[in-house]
Amino acid sequence: MPEQLKKRTARVVGVRQVLRALGDQSLEKVYLALDAAPHLRGQVEAAAQAAGIPVETVATMEELARLCRVDVPSAAAGCLRAPAQNTGK
């Protein structure tokens, strides 16, 4: 559900940031705009599949930007994983 992205403060926006976070295994979900350039969609989908991260689609780049509360249309975004808590044991 894309509304989850709107509520999250721990997120990355943009193809480069999403690809970097996928490489670091720090995302729990990727959001991809259907109207993004096919080669960008392909890169993000392949990286997410390789990392085992689910991909959810959003109709437009403008809608994805609105959900992320940024001013620039965005092809991809991702929710960051919660950091592991150290209990000190």
[X] versus [Y]: any side-chain heavy-atom pair under 4.5 Å?
| X | Y | value |
| --- | --- | --- |
| V12 | L27 | yes |
| C79 | E28 | yes |
| Y31 | L64 | yes |
| R69 | R11 | yes |
| P73 | E62 | yes |

Testing the basics here: between [X] and [Y], what is the closest heavy-atom pair and its distance to 0.1 Å?
| X | Y | answer |
| --- | --- | --- |
| Q43 | L19 | O-CD2, 3.9 Å |
| R81 | I53 | NH2-CD1, 3.3 Å |
| V18 | G78 | CG2-N, 3.9 Å |
| L22 | A47 | CD1-CB, 3.8 Å |

Can you check whether V72's main-chain N or O pairs, donor with acceptor, with S74's side chain at less than 3.5 Å?
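It does hold such a pair.
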
With R41, the side-chain contact (heavy atoms from CB on, under 4.5 Å) member among L32, V55, V15:
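It is L32, the one option of L32, V55, V15 that forms the side-chain contact (heavy atoms from CB on, under 4.5 Å) with R41.
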
Let me confirm one number: the OG1-CD distance from T57 to E45, rounded to the nearest 0.5 Å.
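Going from OG1 on T57 over to CD on E45, the span is 9.0 Å.
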
Please tell me whether L80 and V30 are part of a single hydrophobic cluster in this structure, the criterion being side-chain heavy atoms less than 4.5 Å apart.
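Yes; V30 is reachable from L80 via cluster members.
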
